[in-house]
2 protein chains.
Amino acid sequence: MSKSIKHIFKETGSYKVNGSLWIDFGENHFFGPGRAELLERIDQTGSINQAAKQMSMSYKKAWEMITMLNTQARRPLVILHVGGERGGGSKITKEAKELIAFHRLLRERFTAFLEKETRNLEEL
Amino acid sequence: MSKSIKHIFKETGSYKVNGSLWIDFGENHFFGPGRAELLERIDQTGSINQAAKQMSMSYKKAWEMITMLNTQARRPLVILHVGGERGGGSKITKEAKELIAFHRLLRERFTAFLEKETRNLEEL
DNA sequence: AACCGTTATATATTGTAAAATATAACGATA
DNA sequence: TATCGTTATATTTTACAATATATAACGGTT
């Protein structure tokens, strides 16, 4: 039987339940919002470089994230091309798109959870 | 219609949905696992100092957390005593205990959410 | 073979959060 | 009034992650 904790708060509506969510592989980060956005931007631009710039992220960091992703997944999520026309570029795989779609639904469920718990803060 | 993403993973059972959860007050952190544990240890020891030592946390950081808590809550969650017998000490209020209890139940629901989503990673 | 924009990688620099250190104030007790 | 362990607070130092910088390799195109 949990009671209301409204009386602990200063003003009603100012408090909210918040959180972050990701997928671990063993002890390491595997996938989360940052990597999802990076994959999406690589998909749009065809370039790790441009994707990183859009996110105000250093190329090095983006490259490391991609390397980790490709290492931790069964098969590569990003195919990297060095040299060639336009200097090269990168493409995300079908698996990457599936993972992004799954992740989007997971986030929606998480958002719903947070909203429900925020409502629960001031009720009961 | 979400399909399984099992085929993206290297080994089954190695991936899990993980996350962190807290309560915001406006733009600022208000309450989370760290502050909950700190309050509990202050309750047990009667001292911010000892509680901080138990958590391998600097006294300064613990004191700042307590100050934020007391500022952000309607009424103080910790009563601080300077000087006197045993040099002083601190006690948590009834409201603090209520908040700890509420937080415990919130964590349990969050843990259940994470476990459900982890199961969902490899099914469907 | 020169060019281009990309990927690949090492090294150096910086920014900032955490920790360490130091010191004072406090007030009941003896 | 001396003691004690706590709270209170400023300053210094350290650690480390993030960033910046630099350079090379690559391979289609022209």
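Predicted, not measured: the structure shown is a model, and the values here were computed from it.
- The number of heavy-atom neighbours closer than 6.0 Å to NZ of A/Lys10, taken from other residues, nucleotides and ligands shown, is above 12.
- No more than 12 heavy atoms of other residues, nucleotides or ligands shown are found within 6.0 angstrom of CZ on A/Arg75.
- Separating the CE atom in B/Met65 from the CE atom in B/Met55 is a distance of 6.0 Å, to the nearest 0.5 Å.
- Using a 4.0 Å cut-off between charged nitrogen and carboxylate oxygen, B/Glu123 and B/Arg119 do not count as a salt-bridge pair.
- For the pair B/Lys53 NZ and D/dG5 P, the computed distance is 11 Å after rounding to whole Å.
- Between the CE atom of A/Met65 and the P atom of D/dA18 there is a distance of 11 Å, given to the nearest Å.
- The side chain of B/Trp63 contributes no N or O atom lying less than 4.0 Å from OP1 or OP2 of D/dT7.
- The residues A/Lys94 and A/Glu98 are annotated as salt-bridged, a charged nitrogen and a carboxylate oxygen being separated by less than 4.0 angstrom.
- Between A/Phe9 and A/Tyr15, the ring planes are parallel. Angles under 30° get that label, and only those over 60° would be called perpendicular.
- The two atoms that bring B/Pro33 and B/Leu21 nearest to each other are CD-O, 3.6 Å, heavy atoms only.
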Checklist outcome for this item: Under a 4.0 Å heavy-atom criterion, the protein footprint on nucleotides 13-18 of chain C, written with B, S and -, is ------

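- Heavy-atom minimum distance, B/Thr45 versus B/Arg86: O-NH2, 4.3 Å.
- Closest-nucleotide positions on DNA chain D for A/Gly88 and B/Gly87 were compared, and the one nearer the 5' end corresponds to B/Gly87.
- Atom pair B/Asn70:CG and D/dA8:C1' shows a separation of 14 Å (rounding to whole Å applied).
- The nearest whole Å value for the distance from the CE atom in B/Met57 to the P atom in C/dA19 is 8 Å.
- Each of A/Gly89 and B/Ser56 has a nearest nucleotide on DNA chain C; the 5'-most of these lies closest to A/Gly89.
- Look at OH on B/Tyr59: it is 13 Å from C1' on C/dT23, rounded to the nearest Å.
- Under the 4.0 Å criterion applied to side-chain N and carboxylate O atoms, B/Arg104 and B/Glu108 are not assigned as salt-bridge partners.
- Atom-to-atom, CG of B/Asn49 to C1' of D/dC4 comes out at 13 Å; the value is rounded to the nearest Å.
- Put simply, CD on A/Glu64 is 11 Å from C1' on D/dA17, counting in whole angstrom units.
- Contacts of B/Ser58 with the nucleic acid, taken as non-hydrogen atoms under 4.0 Å apart, are absent.
- Comparing D/dA20, C/dT7, C/dA8 by their closest approach to the side chain of A/Ser90 singles out C/dT7.
- Within residues 74-86 of chain B, the residues approached by DNA chain C to less than 4.0 Å at the level of any non-hydrogen atom are B/Val82, B/Gly83, B/Gly84, B/Glu85, in residue-number order.
- A/Lys60 contributes a side-chain N or O that forms a donor-acceptor pair with the base of C/dT11 under 3.5 Å.
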